[in-house]
Each structure stands twice: as C-alpha cells, then as structure tokens.
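Single-structure report; data block below.
Protein chains get the first letters and strands the later ones, always in sequence-line order, with residue 1 at the start of each.
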4 protein chains.
Amino acid sequence: MSPKSKEQFEAIRQKSEATIKSVALELFASKGYNNTSISQIAKAANVSKGLMYNYFDSKEDLLHTILMEAIEEGAGAMEEFLQNRHDPLDELIGITKASIAMVKTNFHYWKLMTALAFQENVITDVKDILEKKQEAIINQIFSIFEHLGAKQPKLEAYLYGAILDGVMVHYINMGEDYPLDEMETYIIEELKRKYGGGGEGRIGRSKDE
Amino acid sequence: MSPKSKEQFEAIRQKSEATIKSVALELFASKGYNNTSISQIAKAANVSKGLMYNYFDSKEDLLHTILMEAIEEGAGAMEEFLQNRHDPLDELIGITKASIAMVKTNFHYWKLMTALAFQENVITDVKDILEKKQEAIINQIFSIFEHLGAKQPKLEAYLYGAILDGVMVHYINMGEDYPLDEMETYIIEELKRKYGGGGEGRIGRSKDE
Amino acid sequence: MSPKSKEQFEAIRQKSEATIKSVALELFASKGYNNTSISQIAKAANVSKGLMYNYFDSKEDLLHTILMEAIEEGAGAMEEFLQNRHDPLDELIGITKASIAMVKTNFHYWKLMTALAFQENVITDVKDILEKKQEAIINQIFSIFEHLGAKQPKLEAYLYGAILDGVMVHYINMGEDYPLDEMETYIIEELKRKYGGGGEGRIGRSKDE
Amino acid sequence: MSPKSKEQFEAIRQKSEATIKSVALELFASKGYNNTSISQIAKAANVSKGLMYNYFDSKEDLLHTILMEAIEEGAGAMEEFLQNRHDPLDELIGITKASIAMVKTNFHYWKLMTALAFQENVITDVKDILEKKQEAIINQIFSIFEHLGAKQPKLEAYLYGAILDGVMVHYINMGEDYPLDEMETYIIEELKRKYGGGGEGRIGRSKDE
DNA sequence: CATGAATGAGTATTCATTCAT
DNA sequence: TATGAATGAATACTCATTCAT
C-alpha cells in the first residue's frame, strides 16, 4: 500500500529472515529439531506460519540454511585463528583455542550440530560437508603431529581429536558447570610440555631420539 | 488343561519380546528414537503393530526397557573389569578397557544412548540414572588420579574422561573405519608412560624414563 | 484328559457361562458397555479371552443375551405381581410395587438398560422388544385409568409412567441416597387417595363429573 | 497489511467453530459421545479431520464446550421464567414451563446430557456442575412445597422432580410422538388443582372440597 | 474344552505444508 | 508481501476377534 522502495523491502526481508533463523536455531538447539514445530518458531519470531515459506522451502531447508552458515562461520573462525602460524605447536594451540572459542561463542549451533550428528536421515548433505571438513582438519592435525615428530602421528592426531571433541561434548552436556577455560589452559599446557621447549617433551619428543 | 503349556507360552513370549527389543534397538540406534515409528518396528520385526503393546506399555516403555538393560549390562561389565584391581594404574587401565569393550560389544546400545544424551525431553529418568552412574565414575577416576599423585587430579580426570568419551563418539560416528583397538593400546601405553614405573610420573615427565 | 461325563462338562459350561454373564453385567453397568473390554471381563471372570467366544459370538451377543434375560425376568416378575388382581387400583399398585422391586433387586440390569436406552446404534433388536413391552404396559395402564374413570386416561397414564420412570432414573443416578421406599409408599398413598375409597379420589375423582 | 482482515478471519473462525459444534452436538446426541469419532464429525461437517483441533483442544474439550453452553443457556432460560414470580404456585408453574421449553428447544442438548448422565468416566467436571445446579433446583422446589403447605414437602418435591424428569426422558426417547404440550398443560392443571384456590390445598385435600 | 499370542482396523491427535485473500 | 484457516498423511495406541496348539 504505502510506497516502499526496493531497499526497504529488502531490509524487511533480511530482518525477518534473520529473526526466523535465530529463533529457529535457539528452539532447535534447546528443544531439538523434531520437537520444534513451525508454529512455535513462527510464534516466537512474531511472524505468520505462511511467511516462513517465503524464505525457506521447508522446515528442513531452514535447518539446512542454519547449519551451513554455522559451518562456514566455524571454518572462517578456524582460518583466522590459524593465520600466520607456521610453527606446528602454535598451530595446534591455535586449533585448540579456535575450537573452544567456537563452541563457547556459538553454543546453540554446536549443541544442535552435535545432536544432529547422532541422527541418521537428517540432512545428509550437511553431514557430508561436515565430514569432509572434519577429515581435512584431521589431516591437518596429522601433518602437524608429523612435523612435531610424533612417533605415531596418526594415533596422536586421533587422540588429540578425541580430547577436543570429548571436551566439547562434555561442555555441551554440562553447560556452565563445565570448567571449560581451565580445561583449555590445561590442554595447552600439556601440549607445550609434550612438544614445546627444547622439543624434549615426552610424546613426540622424537627429534632427540 | 491347556493345550499349550505354560512353558510353551513363556517361550513364545520370550522370543517375541526379544525380537521386538532387538529390532527396536537397531532402528532406534540407526534412525533415532523419534524417527522410528511403531509401524516400522513392527514391519522390521515381521509382527503386527499391536503386538508390541502385549509386551510393553508404550513406545517409551520399550526404549526404557532397552536402555535399562544396557545400563545394567554396562555396570556389570565395568564391575568385572575392576575386580581385584587395587593398583590405581591398573584400575585406570581396567576402566579404559571396560569402556572400550562395552561400546564395541554393544555398539547399538551406545549409539542410541549417545544420541539420546543430546536430545531434550526424552526419558528423563534414564538420564538421571545415567548421570548418577557417570558422576560416580568421574569421582572414582578423580580419586584414582589423586592416588597416582597427579598435580591437578580434577582436570586430569576430566581430560581422561574427555579422551574416553571422545574416542567413543568418534567410534560411534565412524564405525569400523575407526582404529578403536589401536587407540585402546595407545591410550593404555600413554597411561603407563605417565603413571607407570615409580608411580610418580605425569605427562611429560618422560625424561626420567 | 481325565474322563469327564457329559453332565460334568455341561455343568462346567453352565457355570462358566453364568460367571461370564454376571461379571459382564456388573462391569457393563458400572463402567459402561463401551468402556468395558473383553479382556477385563475375562480377567474378572477368571477365564481366558478365547473362552468367551465359545459361549458368545461376540461382545454384542454377550450384551444381547444379558439384556434378554433381564427383560424376560422383568416381564415374569411383573406378571407375578399382577396375578389375581382384578381391581384396577390394585393393579396399579401392583405395577408400582413390581417396578420398584425390580429396579431395586436388579439394580445393575436397570442401570445398564437405562444407559443403553440413550445410545443409538446399540442392540436395536433389544430396543424393539423393549419398546413393544413398554407399549404393552402403557396400554395396560391406559386401560386401568379408563376403568378408574379418569377424565383424561391417556395423559394420566403418561403421567403415571413418567412418575415411575422418573423415580427409577433418580434411584439409578443417586443410588442408596434416594428414598426409594418412602417414595413407593408415597406414590401408592397418592394413588389410593385419588382413586381409592368410594372412587372419589381427587384426580379423576369422578363424582364432580 | 494482511490481505485478509482480522474481521474476515474472525468471521471464518466463528462459522467453522459453530459448524463443528452443531454437527458434533447432533452426532453426539444421536450416536453417543463414545460412538462418534472425530472422523465422522469432520466428514459430516465437510471439513478435514485436523480442523477441529484449531478450535478445540481435544474431543473432550469439544464436548465440554457444547455442554457448558447448554447448561448456561438452560440456567438463563430458567432465570427468565422465574422472574417476577413470587407466588409459590406460579414459581412451580414457571419451572415446569421452563423445563419443558428447554428440552423442546434444545432437544439434542438434553438428549446428549441425559445420555452422559448414565455414563461413567465422562466429563466429571460437567457432571459436578450439573449436580450442583440440580441440587439447587431441588432445594428450591422443596422450599416451594413448604410454602405451599405440603404435608411431606420433601417427598412431594421428589415426586414433582420425578414427573419432570420422567416426562423429559419419555420425550427424549419417543421424540415427536410424545404429547409434550398436552402433558405440560395437564401437569400445570394438576398443580393448580392441588395447590391453587386459597393456596391451602394439597394433594388429597380433595375430599374437603 | 481352554489358552493367550497375534492381528489389524479403528481412534484421537499432531504438524508440515498449501492457498485464498 | 503476509496471514492464518484448512488440509491430510502420519503417529501412538486400543481392542474385538481369530487361531494354533
């Protein structure tokens, strides 16, 4: 009715879409994807049910969009953390910090992602992308441990990955009760002890060998 | 009197109940509890939709029963592994072996359990039981690390817990691609390296060796 | 297995059938026909579900049988009460007493029957029979009031019928709180006052006519 | 903004809700609450199965709503009939007329209500309300008979109640075959005959006349 | 004759999605 | 563009009835 410029419409669109996504993320994360209905999202976002379908093809598409953004943001953050780090140990510490910062900053994203990781039949293509990214990271970590001269770089990489994921899983489950910062410090200390200093660290202290 | 003896009926019941439970476990684990319908279970078990209700009060009761059995079996296995181990390091190794054996033997159980751990609004009383068991184990591990003379037994206990859970999560997600046995060996070796010998060890103290 | 004579079998049959019927009546009356399951009846009667179908074709047949017996018993009782009463007022009093005695003695029957009377689609042929019997009674009552010289025998008959059914309905709903005996006495007194003595009773107290 | 105005939506809602309620009432009354399925209501109302749940929380809520409206309407009608009547006999006549008018105007409501009165386990809170209302009426009637100088006001009140309920039950069961209007006139005449004139009358007082 | 395991049609209810306006 | 009423397929669960033994 009232004359609105294209920009205004576009701004409204952006805002509505963003609201919907953010509300949906929160609900998906806290109640689970299956237990969150479109009606609930619409109500919480203060829009009509029908409007959702102007922005997203389906509930699954909404989830898809949210996840993709999270993954990209995560990748971006990781990238940033690793920039200009050429020392393997530094890289490892960077990955550690980046991972923990990520799960801390985007708690809802990761809670949702983790929950979905254990459900088949949901969003297989997101899973594929995720798996590829994870594989890439694992490979990078593997190569770092090689550079660090670890005896069994593969197992060491898996172990490190298990630590990171284990910590994240615990944090997601326990929330603020979990001593996430202390753990971060502790893990980094351990890494330094093993691989730092004169490289005389126990595990992978290999160069002396 | 009855042309079918009590024993016959009992045998039939046993068999049907077992079939339903096993089929349900498999489907719950692979597709998720919420995404598995009674119809699907019935079809996969080659029985009628209604039969489940001869054995279980509800879908939730079916899940409940399955989980409780898994938990008890798990507790039993852990008990067994820890019998007659009074040396702290031995205990730790026992826990490691038991945990990994458990997730290996009862893959579906643990996949299901893990998935449920990340879902809200499901089977809260099982969650409660599980949390209590986990707390007990954490406390035991904490006390083990105290006995082992760890400087920061709490963080060390959390770290060890993160490793175990991280490994299990990876195994659950990757399946047979994951080098579970190698990881077990590696973790145990690490434990021995850290705390073996005079027992005064800790990570990175390696130079004494 | 053990040799049993035909008579023994027959006796068992009789007993089982009677038990089932009596248990079913009680359950139907107290919980309603639709809310009573075959399983519940079988359990309460201490027989197997399957056995029921040896005696009755279906749940509906069971109800049917129960109702028919009740109706016949009712008719018999009425007959008895009316025997050898040739004075119209006596007949009316007899019907009153018989009706009230019936509902009192066979409380469950009448509770069930009343409940079913307000449900369509149940046992239409029983309804038909019942309606015929009621019509017969109404006609008889009508003729009694004619003999008593009532001005409007039809309406008087309906009024009397309404009183009887109203009392029964109240009794069925209130149970022992209802002063059934007092009401019986009162109604009979009223009848005598109206039609008794020289026939100068109030209503239809024909001398004014 | 919205191409369908609030008023339009409201009108649609009103209409749909009214249709569903009216169709449901008819079916509940003729087939019984338990024997009427949501599917049947939807089919008869020419709407989808799910639509009912846009307006009512459950089948029970639908029944509840229907009954409450009937009860309120009934109470209102009774009130109206009793306004400005201070003479006890007039009151009694008013109650009579109101009751009969009510059952005549809202045949389906009262058929349903009566049927439910004989069913266990249905809508207990409506039953409670109804019982309270009935008790209030009974007390009022009792007090009227006291004022009228009846010798046994309690029994007389019960008798009158039985007449009213008996007539209603007959009308509900026989439908238009029942001479409801004639009965109304007749009952009122009887009341006048008994208690009219100097107001000193009571049943059986007739011989003094 | 007697059992109770098994069946499957039927029930109430939910919810992603469509569509007239 | 935005609304929310309407749809209908899907879900968990019930229960009269059948049947192998």
Rounded to the nearest Å, what distance is computed from the [atom1] atom of residue [X] to the [atom2] atom of nucleotide [N]?
{"X": "C/Q40", "N": "F/dC15", "atom1": "CD", "atom2": "C1'", "result": "10 Å"}
{"X": "B/M52", "N": "E/dA5", "atom1": "CE", "atom2": "P", "result": "15 Å"}
{"X": "A/Y33", "N": "E/dC15", "atom1": "OH", "atom2": "P", "result": "13 Å"}
{"X": "A/N34", "N": "F/dA10", "atom1": "CG", "atom2": "P", "result": "16 Å"}
{"X": "A/K43", "N": "E/dC15", "atom1": "NZ", "atom2": "C1'", "result": "13 Å"}
{"X": "A/L27", "N": "E/dC15", "atom1": "CG", "atom2": "P", "result": "13 Å"}
{"X": "B/F56", "N": "F/dT14", "atom1": "CZ", "atom2": "C1'", "result": "18 Å"}
{"X": "A/N35", "N": "F/dA12", "atom1": "CG", "atom2": "P", "result": "13 Å"}

Quick one: is [N] close enough that its OP1 or OP2 comes under 4.0 Å of any side-chain N or O from [X]?
{"X": "B/Y53", "N": "F/dT14", "answer": "no"}
{"X": "B/S16", "N": "E/dA6", "answer": "yes"}
{"X": "B/R13", "N": "E/dG4", "answer": "no"}

Donor-acceptor pair, [X] side chain versus [Y] backbone, under 3.5 Å?
{"X": "D/Y53", "Y": "D/K59", "answer": "no"}
{"X": "C/T36", "Y": "C/L27", "answer": "yes"}
{"X": "D/K43", "Y": "D/I38", "answer": "no"}
{"X": "A/E26", "Y": "A/V23", "answer": "no"}

With respect to the side chain of [X], which nucleotide from [options] is positioned closest?
{"X": "C/S48", "options": "E/dT3, F/dT3, E/dA5", "result": "E/dT3"}
{"X": "D/I38", "options": "F/dG8, E/dA12, E/dT3", "result": "E/dA12"}
{"X": "D/S37", "options": "F/dG4, E/dA12, F/dA16", "result": "E/dA12"}
{"X": "B/L51", "options": "F/dT21, E/dT3, E/dT7", "result": "E/dT7"}

Worksheet entry | 5' priority, DNA chain F, between B/N54 and A/K49 [closest heavy atom] |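 Residue closer to the 5' terminus by nearest nucleotide: A/K49.
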
Item to complete: Give one of base, sugar-phosphate or nothing for C/Y55, where a contact means two heavy atoms less than 4.0 Å apart.
Response: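 It contacts sugar-phosphate atoms only.
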
Worksheet item: Is there a side-chain contact between C/L67 and C/I129, using heavy atoms and a 4.5 Å cut-off?
Response: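 SC-SC contact between C/L67 and C/I129 ruled out.
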
Worksheet item: Any side-chain heavy atom of B/I20 sitting closer than 4.5 Å to one from B/F56?
Response: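 Yes, at least one pair of side-chain atoms sits under 4.5 Å.
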
Worksheet item: Is atom CD of B/Q40 surrounded by more than 12 heavy atoms (other residues, nucleotides or ligands) closer than 6.0 Å?
Response: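 Atom CD in B/Q40 is crowded, with more than 12 foreign heavy atoms closer than 6.0 Å.
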
Fill in: Residue closer to the 5' end of DNA chain E, A/K59 versus B/G50 (nearest nucleotide)
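Its nucleotide being nearer the 5' end, the pick is B/G50.
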
Practice prompt. Report the residue (C/N46 or B/V47) whose heavy-atom-nearest nucleotide on DNA chain E is the more 5′ of the two.
Written response: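 Nearest-nucleotide comparison on DNA chain E picks C/N46.
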
Fill in: Candidate list A/Q14, A/K21, A/K15, test side chain to side chain contact (heavy atoms under 4.5 Å, CB included), partner A/E17, passing option
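Filter result, single survivor: A/K21.
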
Practice prompt. Quick one: the dot-bracket string of DNA chain F, using Watson-Crick and G-U wobble pairs with both distances under 3.5 Å, [ ] for crossing pairs and | for bases paired to another strand.
Written response: .||||||||||||||||||||

